[in-house]
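Right, one structure below, let's go through it.
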Amino acid sequence: MLTTIDLFAGCGGLSEGFEQSGHYKSLAFVEWEKAPCKTLETRLRTKWGYKNASEVVLNFDIQRMPELINGWNDDPVYGSNTGLMSLVGDHQVDLIIGGPPCQAYSIAGRVRDTNGMQDDYRNYLFESFLEVVKVFRPKLFVFENVEGILSAKPGGISIIDRISESFQNVGYSIINDLRKNALVNAADFGVPQNRKRLIIIGVDNHRIKTEPIFALNDFYSSILPAFKVIKKKTVKEALNGLPAILPENRAIKVNGRKVSHEAHGPIIANHIPRYHSKRDQEIFTELAKDKLNGSIKFPNSKSLIDFYFQKTGKRSNFHKHSVLDLNFPSNTIPAHLYKDGLRHIHPDPNQARTITPREAARLQSFDDDFDFIGSIGDQYKMIGNAVPPALAKNISLAVEIFFKKYY
């Protein structure tokens, strides 16, 4: 078994794929938000048999590096833990995996921010990843992030150039021309969703058995592509079997919360939509009918912007609505779902709603027994931030072959 540390672990999408492969055992997971930590801890204990799940999931701020490594006591936010050094003990760390928060690198985030995310501290969280690599000297690391990191230039300097130089300075090599070699689409690896992500593999220059760039070229040109699927999975395949959740004609409250829809079928965890007004339900129905019937009343962004103004009386520079297409992979599932799901309208006109957390999880390739803990907003956010487990599993299988071949 190869040993791992998972940084910026979230609810565990990346580690889920590594666990599914059967070749890895994680020594520790680091995540600073409470709801993802609780979700990950529960999953590790109930699915993967981690009896010490509450100890190995470190709910902590990774920027507080000395405490993260050596432990901390009675913190008013994060409690106490013995730290990574204690958890790793005498083990050799074979692999460090993770992906720093992507909001500062995402193109959408830069468009929305008045200063293009130039001042966002998350631009430099890769340095915390680097510090853990320096301490534990893994044979290899997997660094996952959004496509936008390739063009991010905080302070006018390419973040990719910073990352490459920083890792080279501590003895690790990554592939040249990351856009050409390391940019993948999750849909090519069995995820029912178009989701472009950068997968950076870094190797220890002194322990790999051959020239690092030769081995890395082999990984990206031969080993990883062998795990691509022949046929991409569709939205229809992903959502198949989930009970319909239909609009209610009467006002309902459940536990003091307004409810606009009710499930018609067995109860499935996290399969609960947010509340939708009658106006929004009418918008969703009209758009879903147009998509289903192929009438193409809204052929471009301008027509959707005009439609939004017609229905709401509000002007927008961007179109707000998009209906999932049953016959293709979904568009990217983002953390933004916790604010609204307007870009992910259910394709069934009768349901007149946006997707539930469980439907988002299906489109992210999470199994139905993966229980997301927290408010509905917490659920959407952690699902959207996660690495799809199906993609992670294929990466882990490719990495395991790489280990056998070059270490």
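Residue numbers run from 1 in the order of the sequence given.
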Is there a side-chain contact (heavy atoms from CB on, under 4.5 Å) between Lys297 and Ser303 once you walk through the steps?
CA-CA 8 Å; Lys297 289 166 57 180; Ser303 60; over 6 Å; no
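- Formation of a donor-acceptor pair under 3.5 Å by the Asn205 side chain with backbone atoms of Gly171 is found in this model.
- Between Phe307 and Phe309, the distance from one ring center to the other does not fall under 6.0 angstrom.
- Using a 4.5 Å cut-off on side-chain heavy atoms (C-beta onward), Ile208 and Phe402 make contact.
- Residues Ser396 and His23 have side chains that never bring a donor and an acceptor to within less than 3.5 angstrom of each other.
- For the residue pair His276/Ser260, the side-chain donor-acceptor check at 3.5 Å is not satisfied.
- Counting only N and O atoms by type, the side chains of Ser166 and Asn169 include no donor and acceptor under 3.5 Å apart.
- For the pair Arg179 and Glu147, the salt-bridge criterion is met [side-chain N within less than 4.0 Å of a carboxylate O].
- Smallest separation of non-hydrogen atoms from Gly341 and Arg274: N-NH1, 3.3 Å.
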Begin with the C-alpha distance, continue with both residues' side-chain angles, and end with the deciding distance and a verdict on side chain to side chain donor-acceptor pair (under 3.5 Å) for Asp378 and Ser375.
CA-CA 5 Å; Asp378 289 334; Ser375 69; 3.2 Å; yes
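- With hydrogens and angles disregarded, no donor-acceptor distance shorter than 3.5 Å links the side chain of Asp367 to the backbone of Asp369.
- For Lys311, the NZ atom sits in a packed shell: over 12 heavy atoms of surrounding residues, nucleotides or ligands are nearer than 6.0 Å.
- Using a 4.0 Å cut-off between charged nitrogen and carboxylate oxygen, Arg315 and Asp306 count as a salt-bridge pair.
- Side-chain atoms of Glu262 do not come within 3.5 Å of backbone N or O of Leu246 as any donor-acceptor pair.
- A salt bridge is defined here as a Lys NZ or Arg NE, NH1 or NH2 lying under 4.0 Å from an Asp or Glu carboxylate O, and Glu33 with Lys381 meets this definition.
- Side chain of Arg343 to main chain of His319: a donor-acceptor pair is present (N/O by atom type, distance under 3.5 Å, no hydrogens or angles).
- Note that Arg64 lies outside the cation-pi zone of Tyr78, set by a 6.0 Å cut-off to the ring centre and a 45° limit from the axis.
- Remark: side-chain polar atoms of Glu211 are paired, donor with acceptor, to backbone N or O of Phe214 under 3.5 angstrom.
- To the nearest 0.5 Å, atoms CG (Leu7) and CZ (Phe141) are separated by 11.5 Å.
- Here Asp204 pairs with Arg207 in a salt bridge; the nearest charged N to carboxylate O distance falls below 4.0 Å.
- A salt bridge is absent between Lys289 and Glu286; no separation between the charged side-chain nitrogens and carboxylate oxygens falls under 4.0 Å.
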Step by step, would you call Ile272 with Arg257 a side-chain contact (heavy atoms from CB on, under 4.5 Å)?
CA-CA 12 Å; Ile272 301 171; Arg257 186 172 68 90; 3.6 Å; yes
Compile the donor-acceptor pairs under 3.5 Å between side chains in residues 51-59 and protein atoms, sequence neighbours left out, one pair per line.
{"unit_1": "Asn59", "atom_1": "OD1", "unit_2": "Lys34", "atom_2": "NZ", "d": "3.2"}
{"unit_1": "Asn59", "atom_1": "ND2", "unit_2": "Glu31", "atom_2": "O", "d": "3.3"}
{"unit_1": "Asn59", "atom_1": "ND2", "unit_2": "Trp32", "atom_2": "O", "d": "3.0"}

Pairs under 3.5 angstrom only: tabulate donor-acceptor contacts from the side chains of residues 82-91 to other protein residues two or more places apart or in another chain.
{"unit_1": "Thr82", "atom_1": "OG1", "unit_2": "Ser86", "atom_2": "OG", "d": "3.3"}
{"unit_1": "His91", "atom_1": "ND1", "unit_2": "Val88", "atom_2": "O", "d": "2.9"}

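- Partner Asn194 forms a side-chain hydrogen bond (donor to acceptor under 3.5 Å, both in side chains) with one of Asp188, Asn185, Thr332, Asn331 and no other, that one being Asn185.
- Counting only distance, with no hydrogens or angles, the side chain of Gln351 and the backbone of Ile245 share a donor-acceptor pair below 3.5 Å.
- Below 30°, between 30° and 60°, or above 60°: for Phe143 and Phe167 the angle between ring planes is above 60°, a perpendicular geometry.
- Between Tyr308 and His321, the angle of the ring planes lies from 30° to 60°, which puts this pair in the tilted group.
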Assess whether salt bridge (Lys or Arg N to Asp or Glu O under 4.0 Å) is satisfied between Glu127 and Lys134, documenting all intermediate values.
CA-CA 10 Å; Glu127 293 174 350; Lys134 284 167 61 177; over 6 Å; no
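- The OH atom of Tyr172 sits 16.0 Å away from atom CD1 of Ile163, with the distance rounded to the nearest 0.5 Å.
- Atom CD1 of Ile200 and atom CD1 of Ile149 lie 5.5 Å apart (nearest 0.5 Å).
- The side-chain tip of Lys258 points at the ring of Tyr275 from less than 6.0 angstrom away and within 45° of straight on.
- Thr356 contributes atom OG1, which lies 11.5 Å from atom NE2 of His261 (distance to the nearest 0.5 angstrom).
- By the neighbour-count criterion of 12 heavy atoms within 6.0 Å, atom NZ of Lys233 is sparsely surrounded, having that number or fewer from other residues, nucleotides or ligands.
- Look at Lys278 and Glu282 and you find no salt bridge, because none of the NZ, NE, NH1 or NH2 atoms lies under 4.0 Å from a carboxylate O.
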Residues Leu337, His344; criterion side-chain contact (heavy atoms from CB on, under 4.5 Å); working and verdict:
CA-CA 8 Å; Leu337 277 172; His344 298 82; 3.8 Å; yes
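- Taking the six-membered ring where the residue is Trp, the centroids of Tyr24 and Phe18 are separated by under 6.0 Å.
- There is no side-chain donor-acceptor pair under 3.5 Å between Ser26 and Ser15.
- The cationic group of Arg45 does not satisfy the cation-pi geometry with Tyr50, failing either the under 6.0 Å distance to the six-membered ring centre or the 45° limit from the ring axis.
- For the residue pair Ile373 and Met382, the shortest heavy atom distance occurs at O-CE, 3.2 Å.
- Side-chain contact between Ile395 and Ile199 is present, with heavy atoms from C-beta onward closer than 4.5 Å.
- Residues Asp218 and Tyr406 bring a donor and an acceptor atom of their side chains to less than 3.5 Å of each other.
- Atom-to-atom distance recorded for Leu242:CG and Ile268:CD1 is 5.0 Å, nearest 0.5 angstrom.
- Here the side chain of Thr4 pairs no donor or acceptor atom with the backbone of Asp6 at under 3.5 angstrom.
- A donor-acceptor pair under 3.5 Å links the side-chain atoms of Arg362 to the main chain of Asn240, judged by distance alone.
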Given the rule in the side-chain contact (heavy atoms from CB on, under 4.5 Å) test, do Ile160 and Leu198 qualify, once you have shown the distances and angles that lead to the verdict?
CA-CA 11 Å; Ile160 282 297; Leu198 199 68; 4.0 Å; yes
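- Within a 6.0 Å sphere centred on CZ of Phe403, heavy atoms belonging to other residues, nucleotides or ligands number more than 12.
- More than 12 heavy atoms of other residues, nucleotides or ligands sit less than 6.0 Å from atom NZ of Lys291.
- The aromatic ring centroids of Phe372 and Tyr380 lie 6.0 Å or more from each other.
- In this structure a side-chain-to-backbone donor-acceptor pair under 3.5 Å is present from Arg358 to Ala269.
- Judged purely by distance below 3.5 Å, without hydrogens or angles, the side chains of Glu237 and Thr234 pair a donor atom with an acceptor atom.
- A heavy-atom distance below 4.5 Å is found between the side chains of Pro243 and His271.
- Within the 4.5 Å cutoff, the side chain of His346 has no heavy atoms near those of the Leu324 side chain.
- Between the OG atom in Ser322 and the CG atom in Leu304 there is a gap of 8.0 Å [rounded to 0.5 Å].
- Under the 3.5 Å distance criterion, the side-chain polar atoms of Glu165 are left unmatched by any main-chain donor or acceptor of Arg162.
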